[in-house]
Structures are given as C-alpha cells and as structure tokens.
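For reference, the structure is listed below as structure tokens.
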Amino acid sequence: MAALACLTTGVALLPLFYLGVRAAQYPAADFLAAVFSERSARLATASLALTAVVTVLCLVIGVGLAVLVTRTTLPGRRSLAVAAALPLAIPSYVAAFGWQSMNHLVSPGTTFEGFFAATVVITSVTYPYVFLPAAAALLRVDPAQEEAARALGRGPVNTFFSVTVRQAAPAITSGGLLCAIYVIADFGAVSILRVDTFTRAVFTSFSMGFDRLGGIALSSVLLVLTMVVLVVEGRFRRTSTRYATVGSGAAAPAMRLSIGRWAAPALILAWGTVLTALAVPGAALAYWAYRGVSTPGSLAEVGGAFMNSLWVAALGGAATTALAIPLAVYIARRPSRLARSLERLAYLAHSLPGVVVGLSVVMLGISVLTGLYQSMWLLVLAYCTLMLPLALGPAVAAALSAPPELEEAARALGKPTLIAYLRITLPLMAPGIGSGFLLVMLTVVKELPATLMLRPTGFDTLATRLWTYTGNESFAAAAPFAVLLVMLAAIPAWLMISRLLKEEK
Amino acid sequence: MQLTGISHRYGAHQVLHNVTLECPAGTATAIVGPSGSGKTTLLRTAAGFLTPSQGQVMLDGTDITSRPAHRRSIGLVSQDGALFPHLSVGRNIGFGLPRGQRGGSRIGELLDLVSLPADYADRRPDQLSGGQRQRVALARALGRRPQIILLDEPFSALDAGLRERTRKAVQKVLRSTGTTALLVTHDQDEALSFADSVAVIQEGTLRQAGAPENIYNLPADLATARFLGEAVVLEGQVSAGWAECALGRVPLRNESPTGFVHLLLRPEQIEVTEPEQGILGLVLDADYFGHDTTAVVRLHGSQEEIRVRQLNTQPLEPGETIGLRVTGAAVAYPPGGH
Amino acid sequence: MQLTGISHRYGAHQVLHNVTLECPAGTATAIVGPSGSGKTTLLRTAAGFLTPSQGQVMLDGTDITSRPAHRRSIGLVSQDGALFPHLSVGRNIGFGLPRGQRGGSRIGELLDLVSLPADYADRRPDQLSGGQRQRVALARALGRRPQIILLDEPFSALDAGLRERTRKAVQKVLRSTGTTALLVTHDQDEALSFADSVAVIQEGTLRQAGAPENIYNLPADLATARFLGEAVVLEGQVSAGWAECALGRVPLRNESPTGFVHLLLRPEQIEVTEPEQGILGLVLDADYFGHDTTAVVRLHGSQEEIRVRQLNTQPLEPGETIGLRVTGAAVAYPPGGH
Amino acid sequence: DNGGGDSNGNGADSAEAGSLVLYSGRNEELIQPLIDQFEEESGIEVSVRYGDTAELAAQLIEEGQATPADVFLAQDAGALGAVAQEGLFAELDQELLVQVPEIYRDNGNSWVGLSGRLRTLIYNTDLVEESELPETVAELTGPEYAGRVGIAPTNASFQAFVTGFRISEGDQTAQQWLSDLAGNDPQYRDRNGPIVSDVIDGALEMGLVNHYYLYAQAAERGVEPEELPAANHLFGDGDIGALMNVTGAGVFDAQNQGAVDLLEYLLSEEGQQYFVEETAEYAMVEGFEAPAGLPPLQELDVPDIDLNQLEDLETTIQMITEAGLAG
Ligand SMILES: Nc1ncnc2c1ncn2[C@@H]1O[C@H](COP(=O)(O)OP(=O)(O)OP(=O)(O)O)[C@@H](O)[C@H]1O
Ligand SMILES: Nc1ncnc2c1ncn2[C@@H]1O[C@H](COP(=O)(O)OP(=O)(O)OP(=O)(O)O)[C@@H](O)[C@H]1O
Ligand SMILES: [Mg+2]
Ligand SMILES: [Mg+2]
C-alpha cells in the first residue's frame, strides 16, 4: 500500500521534479538574488496575509452555512444549501471581472481593487471549498456522542462546538487548507484586482518577461509559502486521531438546533452572503451579453465546447479520484511519518500556478512520454497533479470516519485486505469520494492555463472559448460560454449538495 | 420521575405500548426484559432523545416531555458508551464537570470509583479495553451528580467480581447523593440486587413492577416468571390451598381457584435427596456451572421434565436416578398462560 | 490451534506476557480474566489482526503467525459486533457466504439460529437493539463455517434465557461441524459450562488452563480462585491432610506441607444450619439475588468474615445468628499469596 | 534537425499537399478566417494551437528542437525575440523579408512583422479638450494629468512600451519617468480593454493603450468608431509614446515549404488587407490604407528601435516594480 501511495504522490510531484531540474540550471547567485529580495519578502507577506484573511473568512462563512443547512431548522435549508454551493462554479477571473464591471456601473469613477477587493472576490468563490466538506462531515457525526454530551448537561450550542465540530474537524481543516492553497495559487483574481502576490509575480515573469527560470525561482518560494500554510494547518490536526467508532454510522438522524427567533437574521445573513457571491458576477454576465453585439458561435461550437468540457472534467475527475483513493486509505490507516509527508506533498503541487505545472508536463511529454504529447492523456495527468488534494481531502476525511474494525470483520469473513477495502471501506467512503470527484470535475471545468498548454491541438473547452472571446473584447460572444461554464460547474455542486441532503433523511 | 402512558413507534413498528412507570426520588428502579423488548427506547424517552408518540414524562410534578435533554439534569450511560474519541479519558470525564473541577483530583476519584488507575486519564478511548470503556462512560455520567441517572446496561462488559465491586460503589454514590436511578439490565440477578423496584418489560409492554422479592416470588405470569430466573412448571390440581402434582403435595403462595393449574417452582426449591427419600427422577442432562450443576430430570411416572439445580458438593451425572423433594410453596396460574 | 509464547505490547505498555495456550481441534476453549487483562488482545493475535511482539500462532502444525487474517479460515465475533452499517442485516450475514447461498434460505436459518425472525434480514443495523446487533454478528461469523471461531463476549448483551438458548444453539452448531472455538467471556458460569477447557488470564499472564472442574475445584492460586467464583478464604493449620480453621476441621483436596496455610472454600460448601447445629456466625449483610441470598457472616470467636450463599427458601436477615457447617474438602495455599 | 510537418503529433496525411502546425498567440477570432482561406487556396491543412503569446513562447522554448510546431505567430515582437534568442527559428528568405520595412523585422532574419499596433493615448472627447492633450508621453507626469490617466502596467503592451522607452531614452530617464508617473496618481487597470471601455463610458478621461482597442470596442458595441465619445491621440515627432509594436511570425524549418507559404500568404495582399479591415491594424507591406482616423504607415513618425530588444523585459519589470507601479 505504501508503494501505491508513493506512486500516487509521485504523479502529483512531477512538477516539483521539474522545478528542481530547472532551478538547478539557474545560476545560484541569481536564484538567491531573485528569491531573497526585498520584493520577495513583500510579495510573500502580501500572499500570506491574503491567504490568512481569506481562509479565516471562508472558514467562518463555510462552516456557518454548513451548520445552518445541516444542523438547524432554518426554513428553506435545501435551497440555501444548493445556492451556497454554486459560487464554486464561478472562475475567480470571471468573478473579479464581474465585480469590477459592476462597480463601474454602480459607482463610476471609483475603483474596485486592492487587498480588500481581492479578499471579497476570492472569498466569495472559495468558501464552498469549506462549506461542502463541512456539510458532509456534519451530517456524518455520530449522534450518540452528541446525546452523551447533552446528557452531561451541555446545551445544544455548547455540544455543537465541543463535540460536533470536533468530529467534523478533519473535513473542515482540509477544506480550509484547500482555500488557503487556492489563494496562494490564484492568479486570475489578484491580477485583475491588482494585488501583488507571489503568484502574480511568477506569472509576470513567465508571461511578460519570457523569463522561465526567474518564474521557476519564484515558484519555489511559492512552495515555501505553501509549506508554511501546511505546517500551520498541521498544528490543528492530528491525522492519526481516530474519529470513527463502531456502532455509529447514521444511527439516528442528526440533531438539529431549533433556530426560533434567530431565523430572520440568519436568513438575511446567509442569503445575503450567498446571493452577493452569485448575483454580482451573474449580473455582470447578463450585462455583457445585453450590451454586446458580437454574436456567439454556432450551436455546434457551443455544444462541442460543452461536451469537451464535460468529457475532460469527467476524465480528470475519474483519474484524480482513482489516484487519491489509495493515498487516502493509506493516510487514514497507516498514520506514519511517511503518510503525513505524502499528504503534505500532494498539497504542495496544488499551490503551483497552472503554467508551471503545464510546462513541467510539457517537458515530460517532450522528453519521456513522446507518444502522448498533446494528447488527452497528458492533459489528464496535469489535472491529476493540480487537483489531487481536492479529491484527497474529502477521501481522507471519509476514510477516517470509516471504522477499521469493519475491515477486520470483513477479513475475518475470509476476504483479502483488498476486497475488504473494496467492499467495506470504499462504500463507506463513497460520499467523500463522490464529493472529491465532483470538486475535481468542477475545478477542471474552470481550469485554463494548463488546458491551453496541453490540450490536443484544436480541442476547445468552455474555458478556452471564454478566454478566446474575452481576449477579443467580444463579451457578448463570450457570455453563453460563461453561462454554460457556470452551469456545467453548477451541476456537480448541485449533485453534491442534494446527495448530502438526501443522506440526511 | 414518572413515565405515563408512553408509546413509541419507529416507522410502522410499534415498540412501546402505553408504558407507565413511577420512579420515586432517591430510589433505584431496574428495567429488565428480553433483547429487543424496548428497554433502550424507554430510557431514551426518559432522557429526552426521543419524543414519545404518546404519553408524558413528568419530573417533580412538571411535564418535561418536550424539555431538551441537557436541561433535564439527567445523566445517561448509553449501551455503547459513546465516549468522545477526540478527547482523552480524563477530558471525557471532565466534560460534564464544572470548569473548576476538571483539573483537580475529582477525575482521579471518579476513575477510582470504577476501579481504574488514575494514570488512565491520559489514555485515548481507543486505547482501552471494552470493559474499561464502559467504566469510563460510567465515571463520566456520575461525575456530574445528576438528579436522575439512566444506566443502559452499564456493567455488561464486566466480569462478576468487578461488576459487583462497581455496582456496590455506584450504589453507594447514588444513595449518598440521593440520586434517582433507572437501570436497564439483562441480568436478572443484578436487577434484583441493585434495585428498590424492578420493572419487567416484554414486547414493549410493562408486565409487572414492584419490589424485587415480590416480583421474583409472585410473578404476574409464567413468562415473567421464566424471565426472572429458572422456572420449574408443573401441571397440578388445586384444592383447599394445596396443590397435587408430580412432585407431591405442595402448599400455595397465592390465592387460586380450585381445579387444574400450572404450578411454578424455582429450581432451588427442589432438593435432591437419596432416591429412597423423595420422588424418583432420572437425570437426562447436566450442565456444570462451577458452584452448581443444573440438571434436566425426567420425573418418574409423569414423564414431565424439570430443571433442578444442585450445589456442586455432590455433582449430578446423566443416567443417575435421584430423589426429589420440594421445599416451600408454589405459585399457581390458571391454565392458558404459557 | 496453538499459541506459543505470545507477548504483546502497545507502545511502552506490555499487555501480554509469554502466553502459551493449546486449543485442540474440535474443542471449545474459554478465556476468562478481569477487564483489561488482555483477552481481546490475545484473540486479535489469533485472528491475525495483531502481530505479536513475540511468539507464534500455529495451526495444524504450521506457523501462521504472519499469515494474513483472511487466509486463516478463522471466524471472529468482535466485542462490539462490527456490523457493516451500509449493508442490511441479510447482506451482512451473506457477506461471508459463498455467492450461491446469499439469496437462499441459509440467511433465514442463520437468523433462526440466533432467535431472530427471518424478516429482520431487511433491516439496517441501526434499526436493531444492542442484543439484536450482537446476535447478527454471531450469525454472520457462523455462516461461513470457519475451521476456528473466535468469540469475544458474544453473549454479553443478552439476557439469561436468550443467552442460554443462543449458547446452546451455537454449541450444537460448533459440535456438529467440529469447529474449534475460542470464547472470551467475563461470565465465569458461561466459561465453565460452554468450554471443554478454560484458560484464566490475569494482567496479561496465563494463570491456569484446564478442564472446568479442575479449574474451579483446584485453582492455581487464590486470585484465580476468586476470579472463578466467590471464594471463602480462611486461615488454617495443616497437619496430616486435615486443616484446622475457624469452621472446624476440614479435609484437604490438595497435597500441602503442614503448618500455616490459607484455605479456600466455596460458599456453596458452607451449609447454614440452626445455630446449635454448627459453628456460630452473625449475619452482617445480605444481598438478595432471586434464587439465593449471599450473606456476609462474622464467625464467632475468630472475627473472620466470610460470604455464605443460601438458597432463598429460608432467607437470611442481617443481625441473625446462624450455624455453619462445611461440606466437602478445602484447598490449601501456602501463605504469601493473597 | 528541426521538427517539421513529419514530426508533428497529428500529421496523419502529411504527404504531398502537406499539413502544418501553427502555434498562434493571436486570438482565434482574429486569425482563423485568414487561415481558412489559406487552407482553401493552398490545399495545406493547418492545425492551429491557440494560446497566450508569452506562454506559447515559454512552451516552445521548453519543447526546444522537438517542437511539433512549424510556425509561431506572436502578437508581440518580444516573444518572437525570446524564441529567436534560443536559436529555434530558421532563417527566412530575403525575398520574403524585403516586403516589410527593416524596423519591423528581425535583423537576424528569423522573424518578420505581419501587422502593426501603435501605442496611443485614448481620451474621452467629451471630458478632454484636444488642447489639453500632451505632445510627448513624458508630459503625462505633469501635475495637470494627475489622477486622469489610465495605465495597465502589468500588461505586455505597456511593458513593451517601457522597454522601448529604456532603449531610446536610457534606463535612467525611464526609471525617473516611471516613478514620476507612479507619483501622479495614475488609474490602474489590468488590461487595455477596461481602460478603453472606461474611457468610452466616461469613467476615465484618458489612457495609454494600443490603437485598435477603440475599433474592437466599437465593433462590440455595434457602432462606428467615430460615433463613440473617444479618440486615439498620437504622440508625434518620433516620440517613444508612439511606439509601433508588431505581430509577427517565424518558421522552424526553412525546408518546410508549407510554412513559408503561410508566411507569404499572410504578407500577401489578401492577408494584409484582412488585418487592416478586420482587426484595424497597420499593414506591414506598403500600399494599404491606415485604420480609420489614423495617418498611414509611411507618414507615422515612429521611434526607431530594434524590436528584438523588446525581449529584454527583465529589467523593465524590475523598474516598473521598483517605481511602485506593481509587478
Ligand atoms: N431506528 C429503529 N428503527 C426501527 N426499529 C428499531 C429502531 N431502533 C430499535 N428498533 C427496534 O425496536 C425494538 C426495541 O429496541 P430497543 O433498542 O429499545 O431494545 P432493547 O430492549 O434495548 O434491547 P437490547 O437488550 O437488545 O438492547 C427492537 O425490536 C428493535 O429492533
Ligand atoms: N491501542 C491500545 N493502546 C494502548 N493500550 C491498549 C490498547 N488497546 C488495549 N490496550 C490496553 O491493553 C490492555 C488489554 O486490553 P484488552 O482489550 O485485550 O482487554 P480485555 O481483556 O479484552 O478487557 P475487557 O474484558 O475489558 O474487554 C488494557 O489494559 C488496555 O487498556
Ligand atoms: Mg438496548
Ligand atoms: Mg475485550
């Protein structure tokens, strides 16, 4: 199992390998000068500050919404749940663009940019990374323990914080981690909203400086930043802690807090947040479509791009999930130093900008997998590298909440370990695996830089089409693709949440 | 605490039928009944985790049927312990304590109460054995000194010695604090020795409630009798307060119409003697239990088979012929029961 | 199956010390011991879920210490049942069965074996009571007809009647298929009646193993004696195969050097008589257990306190003065034990 | 040897008529119709890989000799310079090159300009009097422009322009200008498009952009450029503010006739006309009209610098950053 897990992580680590090879070609003195400059320090500070603020906000909003929809009697919880998941479907560059153009419309002459703007925009599209796993985990918590806490005189709120949240903690922290790393790696929003972060500097080096090596040197700093985040996160989590108890499962329906007179403020706050996140970019899209005269491509073009997006998203989702499962089981079942390191490493690659990952896969395709270069397979490989943690987080959380005693029971019934995993652990992990798969699909649909670089020649997806048209200021032509992109990404989000809510009954 | 007319159904499946039970403050009541009879369900209703389909839960005269669990001052030890896996043993126990007591010696005292060494406070629940987990759950519930404590088979994973020790310790604590206790157990001995009053539930219906001696000596029906201990049931004819049966003439403990009845005796009432000194029987089968042997004996003449318990000073062997003699009185039940 | 020199440690905490145990094919062995003594750990070693720090597990003469669990043909009923929450009761039981049998009547048969109605096959595990869960786990393990079955307190959540019924049914199945059984239980009665051989573990060490009668009548030391049932321990002086003690002169069951010893008697060996017919004692405390009463009696003259069991035909009351007489022989232990 | 049509991944029938792979940093909307025409006329099948110019350059450099590409079409001379510096381009024929003025092609003959894009100052005609407009780009740092000028300092076109500034005026002056600009409260945008659209909408008074954005916006809004309340203002007198950057192309294998044919086609009458009409750019070959409202190519007084040098962006970016105009 260790070998399989190493292999999985190895795939995710290809870009790191590339970074190593390339950084070695860079004169050491220049490398050091680029990395240890005042500018680096400033960018790093900005990156970390933005990461910290956005992550905290995402945790607050994500957990708050998850609690409201899974653990209270809030009226209209289901619709809120579905709506709350949707912003994940909006690419950060579309959101940033939307916010900015709405700002110009609403208050011309003012600018919408900088740290605060970036915080608002990025938070509005990343909090579902916390919301979805948190909601899933909150529904899974063993009610027997909550009952025990209540019987020990703790009120519902106290019980919630001292027992329920603690059980959901692995899922919540992994969601927070995804947010943090997303912020570190985000380029679209920060470049539009003009916040100087490290990723933006890496992009500038690549895109404007044709300075590959400089970009790579800076990328290595990104990795260091990510490690900082991982260490911080590690302090909040002990993977080895057992959260599962036998006899749990969905013993009784999850307890709900009756919301009573808090209903109105809760509704306003929750819907306010969700609607703002959805409506601003949505209105911008509508406005572009209305204002422009450029004609959207033919139905065939739109349909083709849609199908292509669906296809790569499904392939990417399946491949990434397949890689994540053995790693997740290994991490949950053999909590060793190796397992912890592998998990961290899987997250590392996620923090690299798409260009860096794209270039590393180009190198691989040109020099090793020549037959596969510019085929779908290398593209899928790049997705695996980029998205592995998205699938891994929920899968690990799910594996942790599946009691290992059940595997032993299966083995005692004559099933080999692998079969025990397949027939017992896997079905018990299914909700987590499903969430991971959908999360990957959704992110693949939005992904642009690696897709552009690695897609088969002539292969267009919704994201590449959107890029083509917006690059040409043809916003009206771009609008249907943007709408479809959001809709396609909304399907997984909706599936995820509706499955969650079904489980609950 | 009073439970009045409690009924509960899971979906289409009715589990409790109109159960009424009174637990006077400061007393211990034991609920016994076969597996699946609804004991846990009744307890969860009292604790406030289930709202009964019908009936009320009253506490000191107020209806608390819909008061939330944490405001009932009720302690609960659930059947599977439900320790918090993310907290150490010490912090599990400290969970219900007021903040000031969590650090002090109180946790050590509570561990001691359930015969666990104080250094177990640092263990995690998954590092405990089954019985140790159960004891931690017990210590956790007792720590709060609740007004009422609900115990769902709290000693089931303990060996006899430890069980008795723990039971006595718990009993002492409960008595000294005047706590009302409601104990679910499948162990009849435990029920009879722990409780001031015993309630027998079968198939969701309360069959009988009362003092242990009453319940054991005058069970409401044969099913209850059988549940509370081994029963020897013989056919007999009653006349004038005496019954005639395969074991001879025995006095009756209850009023009974004359005529055909079923007679209940306890195995310990049947003394094994030399063949010539009693009614003859043939030992068919014998089970060894350490301190005694339980034998199945076919009675000479009537072909009825009964179970006899004999202390192991003179073990019984299958095939042996023995004499039998009844001590004390029998209970008569009208025919038609089982 | 043979366990040879098994030791195991969890981190720094040594739980098993050099345990050697033989379970001949087709027999039933019971492992008893106090809570936390290492019973579950030993069973998990036999099942292959734990690799012992030292020692070997042998099966039919081959060393299987490192053979994976699923290739040992071992069935396991674990202490907490470990039912698969995502499968119905029927599919839980079917899990270990060959594909052909999963649909047929076999599942009904197995449910019947553990006294559950056939329509429970469609339930989900979380719709079962504690005892029902345990029974399903049992049915699941038996279904496969394993060569060896390991039972970790499989009857602990069942009431006496059902427990006995289930135990007998299981025993019958095991006998008819020639299955080797290893039963962990905290119930001494169960161990003594179920098994062909009983092993007593204390603090991770095997204290004694042998036939039930031997273990009960000639325990290796006083701790074992106490564990297997109530013990009356008196000080005495041995000379020529007889011992002199507060209860008079009693014969000895074992060889013993002359001089000061501790004598072991079982409560059932001590008969309560009229005060004038035996050695005098004062009843200090009495526990009612339905079929009998256990009393603490202070012996006249010696101030030693002993426990006496009396069938409930003539209940004992605290404060009463009674006569006591010993039946049968005592076991002598050199002083220094406890 | 250079990978030609034979080594490309999808060259199923690269036989007689041949097929070729084009990496295009130009937007598909802007170039595909022309490619389609070329395919029709030549019978050569062109598979086009669209991407961001700079990223394609990086990808090409990573691919090195093994690249499946036959032609690289970039919308920025700097990117062409970067690829040329790696020695990946094959030398082009003089015959092809001479059609284009020397300053709009590589002096090492490895790439050639195809169309021109002029730096201008776009302004809102309602908000700004013509008389208020500066003569040179250097004047924008004056107090009268404080808070009025939109720039996109992170955008390639701005950075190419600053590089040009450095080349023509020297690093010292450039640095000074940048920090003065930064101190003059410029209005930042992420790209040229938002500057233009804000100027049209009146949210901005003026901004440094490329000339053709005005035409693109007009097209998107379905009006003629003249109807919009905005106009391009040209810096004159060889001022660096009027830098002419080019889109251009190079081939990877001189032997690959199809690739050379494609370049020839793009410089042909049809090709050049297309750029003028469809994308409102300057044709590189003589004899075509200038975009509406702008002087013809020959009359332009553009600064004379080596466009290859636009590749040297490292120092530029550093300077922009140091000036506090962002990275
Ligand atoms: N969630 C549920 N849905 C449907 N039926 C249930 C559910 N929980 C329990 N039951 C059924 O209700 C009956 C009573 O269950 P309960 O747990 O109260 O029994 P119990 O007396 O505690 O038994 P045990 O001694 O075995 O623990 C059982 O027959 C059980 O199968
Ligand atoms: N994972 C673990 N880490 C550390 N100690 C453990 C662990 N599991 C069990 N122990 C300790 O090992 C000892 C033996 O445990 P085991 O479960 O074998 O006991 P047991 O005899 O089955 O007891 P019970 O009758 O209570 O189930 C106990 O003292 C327990 O606390
Ligand atoms: Mg129960
Ligand atoms: Mg155990």
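Quick note on labels: first sequence line is chain A, next is B, and so on, each numbered from 1.
Looking only at heavy-atom pairs under 4.5 Å with chain D, the residue among A/T464, A/L448, A/L452, A/I366 that has the most is A/I366.
Contact check on D/R221 versus D/E227 returns no salt bridge, with no Lys/Arg side-chain nitrogen under 4.0 Å from an Asp/Glu carboxylate oxygen. A salt bridge links D/E281 with D/R26: the closest approach of a Lys/Arg side-chain nitrogen to an acidic carboxylate oxygen falls below 4.0 angstrom.
Among pairs with a residue in residues 205-215 of chain D, those fulfilling salt bridge (Lys or Arg N to Asp or Glu O under 4.0 Å) read D/R148-D/E205, at least two apart in sequence or across chains.
Contact annotation for A/F97: only side-chain heavy atoms (C-beta onward) come within less than 4.5 Å of a heavy atom of chain D. For A/L364, no part lies under 4.5 angstrom from a heavy atom of chain D.
In this structure, the ring of D/F252 has its center no less than 6.0 angstrom from the ring center of D/F72.
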